Chemist: 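The structure that follows is given in the form of structure tokens.
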Amino acid sequence: MARVVVLGAGISGHTAAAFLRKWLGKNDEVTVVSPLPHYNWIPSNIWVGVGLLSEEQVIFPLAPVYRKHGIEFKQARALALHPEGTESNPQPFVEVEWTLEGKTGQRENVPYDFLVNATGPKLNFGATEGLGPGKNSLSVCTARHAAETASAFLENVERMKRGERRRFVVGTGHGMCTCEGAALEYVVNLEFELRAHGVRDKADVVFLTNEYQLGDFGMDGLHIRRSGYITPSNILAESLFAERGIDWITRAHVKKVEAGHAWYETLAGEDREISFDMAMLLPPFAGVGLQAFGRQGEDITARVFAPNGFMRVDADYVPKPYEQWRACDWPRYYQSPVYKNLFAAGIAFAPPHPVSRPFTSPRGTPIFAAPPRTGMPSAMIGKAVARSIADMLRGAPGPTHTASMAEMGAACVASAGANPLKGTAAAMIVYPIIPDYERYPEYGRDLHYTMGEIGLAGHWIKIVLHHMFLYKARLRPGWSLIPE
Amino acid sequence: MSAETPSPKPREPQTMPSFFAARPTRLTLFLRNFLPWQMWRFTWINLKMLIIIRRSHRSQ
Ligand SMILES: Cc1cc2nc3c(=O)[nH]c(=O)nc-3n(C[C@H](O)[C@H](O)[C@H](O)COP(=O)(O)OP(=O)(O)OC[C@H]3O[C@@H](n4cnc5c(N)ncnc54)[C@H](O)[C@@H]3O)c2cc1C
């Protein structure tokens with residue numbers, strides 16, 4: 001009998017746990033440790049943030065699903081890994097702290113044979129003074145945040161209906177953010193909803209981003225073949241904003257947010273200020289701060305985790321300049337180089353380097369998009385790791401399945417207005433996610449598969465994906481047939 | 001409730017970054033919400049997504 005512990009019940013951890021349960025033997029145990037009682041289909045938080053969906057429509061409780069499928073669930077937060085056990089007992093274990101009502105604060109050591117760290121990101125609002133919910137800006141990163149953002153948005157709409165003029169600033173709250181695609185999706189949805197409420201003429205909408213150019217998305221942009229041209233993504237993103245009267249500011253590192261004001265440094269080294277009535281600014285990501293200890297209790301965190309808190313895996317972490325970055329630097333198996341029974345899936349793994357060209361301001365402030373952390377690869381990594389662990393438990397000498405972001409594509413549908421007849425969404429496919437200039441010397445990507453277009457069809461796809469992925473996450477009949 | 005494209009606000013066009021951006025023509029805007037065309041695009045994009053998913057899974 002083996003015990004596999006999965007830390008985190010997000011897109012990656014939940015996928016890994018579900019497939020582990022499917023592929024492991026009846027006597028093997030699968031345990032999920034996650035601090036929140038529910039699953040959140042994060043991509044649909046965008047619609048919660050403009051008041052189109054309620055918080056409850058994008059979450060569901062995990063405990064009944066796990067109970068039904070024979071997965072043990074501990075509503076707890078992982079604190080520290082002990083991959084060598086203790087001096088008296090070499091069994092590896094993870095130290096967790098319960099968050100379940102009635103057990104809150106209780107600590108437990110959970111033993112494991114294999115461990116999957118799928119703890120996602122720490123939403124690092126603390127990196128920017130005054131940033132984040134409860135302070136001076138809003139977020140859509142969690143369903144709760146998105147619901148609060150919707151209240152603020154609708155209150156502003158009411159004020160505009162009474163004749164007031166409002167300014168909305170949406171974007172990234174730090175020079176090293178990622179998820180610019182989510183910020184873009186939120187701003188175009190917000191703009192669409194302002195029109196739907198009949199108050200667009202009372203609003204100024206500004207997109208504030210750390211990207212060197214719009215449409216960088218932390219992927220160094222992409223190129224799309226259309227209308228007889230090979231067009232870079234900044235042209236498409238700028239066009240979308242220009243058409244909708246959304247102004248934009250690029251190359252910005254937000255360094256302080258106060259009530260109604262944000263201060264930012266530009267890549268040119270200038271200090272600027274922008275005022276707002278409502279700001280939705282995404283935080284930078286870091287690892288969740290897990291620690292690791294050796295057999296004698298010595299701190300080995302720096303061996304297992306990178307300085308940003310994400311877990312080191314089979315990537316090439318040797319620092320090198322942008323010109324020398326290669327697709328093969330990216331991990332394939334997501335296995336810890338130190339402990340062979342330790343894997344990181346989804347956002348929790350440490351990328352070897354960014355994808356977008358790094359820039360620093362004359363004052364030395366890095367201002368560029370951090371590597372992309374999208375859902376499709378997160379799920380695919382979770383599945384590949386589950387397959388490898390199942391095979392290793394059956395005797396395979398090492399991991400058997402790969403999920404390199406340099407060998408997989410991603411399909412991303414960014415809603416640009418939710419209405420079954422008048423709505424639109426930008427459907428984007430990029431292959432591979434990490435540009436590979438050895439295989440595709442000119443643009444780093446296969447232009448037969450990389451595409452992007454805006455239209456109502458994209459919105460329909462977004463709706464289908466919302467229902468399909470929530471169905472799959474609930475592990476309803478046939479769930480495993482639905483692709484990641 | 002109206003969801004039409006907003007009327008442009010008065011501004012000095014050359015001073016705005018959007019002045020230099022590509023804009024969709026009326027035909028492009030029309031096609032974006034023209035049902036028969038969008039049904040075809042729905043099929044085509046889904047097909048393309050399935051191909052990418054298959055390709056990505058194959059590399060595993
Ligand atoms: C607003 C928004 C919109 C997005 N839209 C899209 C989109 O349209 N398409 C797309 O592909 N991607 C999208 N993404 C990205 C996508 O959501 C992420 O790629 C995906 O959620 C990553 O999955 P994950 O499992 O690695 O992390 P998460 O989904 O963040 O899951 C992490 C899990 O770990 C748990 N956890 C945290 N700390 C601990 C701990 N100490 N111990 C145990 N468990 C812990 C958390 O509670 C959570 O359950 C969006 C992201 C945002 C923020």
Side-chain angles (χ1 to χ4, degrees), chain A residues 191-198 200-201 204 214 231 235-250 376-377 380 383-384 387 401-404 407-411 413 417 419 421-424 427 429-432 449 451 453-461 464 483-484, chain B:
Chain A
E191 195 275 338
F192 185 88
E193 286 306 309
L194 290 172
R195 277 187 273 151
H197 286 284
R200 181 64 182 91
D201 57 332
D204 297 314
L214 284 187
T231 309
I235 302 283
L236 305 171
E238 287 171 6
S239 168
L240 181 65
F241 282 3
E243 173 199 340
R244 290 166 174 245
I246 299 171
D247 293 330
W248 65 88
I249 298 164
T250 52
M376 184 174 153
M380 287 185 66
K383 186 177 178 184
R387 188 72 256 181
H401 281 63
T402 64
S404 167
E407 290 164 17
M408 70 167 87
V413 185
N419 182 295
L421 293 177
K422 290 182 183 165
T424 50
I429 299 176
V430 50
Y431 184 89
Y449 296 107
M451 59 135 312
E453 77 173 56
I454 300 172
L456 181 58
H459 175 65
W460 293 337
I461 294 171
V464 172
E484 282 63 54
Chain B
M1 296 236 296
S2 126
E4 276 112 53
T5 308
S7 55
K9 42 188 169 168
R11 48 169 73 178
E12 292 169 47
Q14 299 86 335
T15 63
M16 308 303 294
S18 56
F19 179 72
F20 300 98
R23 278 176 195 246
T25 59
R26 282 173 67 169
L27 176 68
T28 304
L29 287 175
F30 169 76
L31 286 176
R32 277 187 196 167
N33 291 96
F34 181 52
L35 284 184
W37 176 247
Q38 287 303 317
M39 282 173 188
W40 151 239
R41 301 312 290 165
F42 181 78
T43 317
W44 189 85
I45 298 169
N46 272 311
L47 213 78
K48 202 129 186 169
M49 282 187 177
L50 283 175
I51 294 170
I52 278 299
I53 290 165
R54 261 195 57 195
R55 245 182 106 117
S56 303
H57 278 276
R58 230 182 19 220
S59 75
Q60 295 192 340

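Proteins come first, then strands; the chains are lettered A, B, ... in the order of their sequence lines, and each starts at number 1. Remember, predicted model here, so these are calculated numbers, not experimental data.
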Chemist: How far apart are the C-alpha atoms of A/I454 and B/R32, what are their side-chain angles, what is the distance that settles it, and do they pass the side-chain contact (heavy atoms from CB on, under 4.5 Å) test?
Modeler: CA-CA 7 Å; A/I454 300 172; B/R32 277 187 196 167; 3.9 Å; yes
Chemist: Can you give me the closest heavy-atom contact between B/A22 and A/I235, atom names plus distance?
Modeler: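 Answer, listing the atom of B/A22 first, then A/I235: CB-CG2, 4.1 Å.
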Chemist: Checking A/Y449 against chain B: side chain, backbone, both or neither under 4.5 Å from a heavy atom?
Modeler: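 When you check distances to chain B, atoms from both the backbone and side chain of A/Y449 fall under 4.5 Å.
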Chemist: Taking side chain as everything from C-beta outward and backbone as N, CA, C, O, which of these in A/L421 sits under 4.5 Å from a heavy atom of chain B? Side chain, backbone, both or neither.
Modeler: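 Interface part for A/L421: both.
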Chemist: Looking at A/E243 and B/R23, would you say the former's side chain and the latter's main chain have a donor-acceptor pair under 3.5 Å?
Modeler: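 The answer is no, because no donor-acceptor pair under 3.5 Å joins these two groups.
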Chemist: Taking side chain as C-beta onward, heavy atoms only, is B/I53 less than 4.5 Å from A/E484?
Modeler: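 Contact flag for B/I53/A/E484 side chains = no.
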Chemist: If we only count heavy atoms from C-beta on, is the B/F20 to A/E238 side-chain gap below 4.5 Å?
Modeler: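 A side-chain contact under 4.5 Å is absent here.
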Chemist: How about A/E453 and B/I45: do any of their side-chain heavy atoms sit closer than 4.5 Å?
Modeler: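 The answer is yes; the side chains approach within 4.5 Å.
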Chemist: Looking only at heavy atoms, which two atoms of B/N33 and A/G423 are closest? And how far apart?
Modeler: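 Closest pair (atom of B/N33, atom of A/G423, distance): ND2-O, 3.1 Å.
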Chemist: Is it the backbone or the side chain of A/I461 that comes under 4.5 Å from a heavy atom of chain B, or both, or neither?
Modeler: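 Contact with chain B involves both backbone and side-chain atoms of A/I461.
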Chemist: With side-chain contact (heavy atoms from CB on, under 4.5 Å) as the criterion, how do A/L456 and B/L35 come out once you've worked through the C-alpha distance, each side chain's angles and the decisive distance to 0.1 Å?
Modeler: CA-CA 8 Å; A/L456 181 58; B/L35 284 184; 3.7 Å; yes
Chemist: Between B/F42 and A/V464, is there a side-chain heavy-atom distance shorter than 4.5 Å?
Modeler: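 Yes, at least one pair of side-chain atoms sits under 4.5 Å.
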Chemist: How close do A/S239 and B/A21 get, heavy atom to heavy atom, and via which atoms?
Modeler: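 Answer, listing the atom of A/S239 first, then B/A21: N-CB, 4.3 Å.
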Chemist: Provide the closest heavy-atom pair for B/W44 versus A/M451 in the form atom of the first, atom of the second, distance.
Modeler: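 Heavy atoms only, the tightest pair is CZ3-SD, 3.7 Å.
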Chemist: Can you list every salt bridge (Lys or Arg N to Asp or Glu O under 4.0 Å) pair that touches residues 42-53 of chain B, not counting sequence neighbours?
Modeler: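 Counting only pairs at least two positions apart or across chains, no salt bridge (Lys or Arg N to Asp or Glu O under 4.0 Å) contact touches residues 42-53 of chain B.
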Chemist: Between A/M380 and B/S56, is there a side-chain heavy-atom distance shorter than 4.5 Å?
Modeler: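 A side-chain contact exists here, since the closest heavy-atom pair is under 4.5 Å.
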Chemist: By a 4.5 Å heavy-atom criterion (distance strictly below it), what part of B/W40 contacts chain A: side chain, backbone, both, or neither?
Modeler: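 Neither part, no heavy atoms under 4.5 Å.
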Chemist: Where on B/L31 is there a heavy atom nearer than 4.5 Å to chain A: the side chain, the backbone, both, or neither?
Modeler: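 The answer is neither part of B/L31.
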